[in-house]
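Remarks on the structure that follows.
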Amino acid sequence: MNKIIETEFVTLLDKNQNLIHKVCRLYTVDEASHKDLFQEISIQLWNAYPKFRGDSKFTTWAYRVALNTAISLYRKKKRDINTIPFDTANYKFEYSEYNYQEEEQLKSMYKALHQLNDIEKALVFMYLEDKNYEEIAETLGISEVNARVKMNRIKSKLKKILNP
């Protein structure tokens, strides 16, 4: 890839790495797994970036790649992720440490979210990111009506988990 594309990708990834952290937090339970998944998602984004046509927003595309990567890796219950060195790029973005202390008040919610299946987690994540149902449906590859119905069922499920 040429330097302009590398620079563009690194800038977009740096600007939007928080969304990757959120996906990692949703699908991992410890810092080491979080870092491994973050790296794997970054690599998958990099490998797929030449195919990104701009038909959707970068964030929508990145959510889809991040969620698909997390779901496929953790569906297999694979904890040791084989990663590819990312040191070949001339441009680097700085990895910002994820502050777990700030997340303490969300522990019970994450505990409840970990009881959901992979698709339910992805839907809740997008919903909490204030994505509209059209964008959620596009990202997850389901109909808008299906996304609404699933979200209502998930809300009921979470209420039962959080308030037994």
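All of these numbers come straight from a predicted model, not from anything done at the bench.
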Find the distance between CG (Leu45) and CG (Asn16) and round it off to the nearest 0.5 Å. 9.5 Å
Looking at every non-hydrogen atom in both residues, tell me the closest pair between Ala147 and Ile136 and how far apart they are. CB-CG2, 4.2 Å
Between Asp118 and Tyr27, which heavy-atom pair has the shortest distance, and what is it? O-OH, 2.9 Å
Are Leu123 and Ile142 packed together at the side-chain level, in the sense that at least one heavy-atom pair is separated by less than 4.5 angstrom? yes
Heavy-atom closest pair, residues Leu19 and Phe125: O-CZ, 3.9 Å
Under 3.5 Å donor-acceptor, Tyr63 side chain and Leu140 backbone: no
Which distance, rounded to the nearest 0.5 Å, do you find between the CD of Glu8 and the CG of Leu13? 12.5 Å
Could you point out which residue of Arg153, Lys150, Lys157 forms a salt bridge (Lys or Arg N to Asp or Glu O under 4.0 Å) with Glu120? Lys157
Please check if the number of heavy atoms outside Tyr127 that lie under 6.0 Å from its OH is greater than 12. no
Between Phe38 and Ile20, the two heavy atoms sitting closest are CD1-CG2, 3.4 Å
Evaluation steps, ring pair (Phe, Tyr, Trp, His ring centres under 6.0 Å), between Trp46 and Tyr49: CA-CA 5 Å; Trp46 170 250; Tyr49 191 67; 7.3 Å; no
Between Thr60 and Glu135, is there a side-chain donor-acceptor contact under 3.5 Å, judged purely by atom types and distance? yes
Closest non-hydrogen contact found for Val124 with Met151 is CG2-CE, 4.0 Å
From Lys22 atom NZ to Leu67 atom CG, the distance as rounded to the nearest 0.5 Å: 12.5 Å
Gap between atom CD of Gln44 and atom CG of Asn47 - 0.5 Å precision: 5.5 Å
Given side chains that start at C-beta, do those of Val29 and His34 come closer than 4.5 Å, heavy atoms only? no
Can Leu162 be reached from Leu116 by stepping across I, L, V, M, F, W or Y side chains whose heavy atoms are under 4.5 Å apart? yes
Spacing of CG belonging to Asp36 relative to OG1 belonging to Thr28, to within rounding of 0.5 Å: 9.5 Å
Tell me whether Lys155 at atom NZ has more than 12 heavy atoms from other residues, nucleotides or ligands lying less than 6.0 Å away. yes
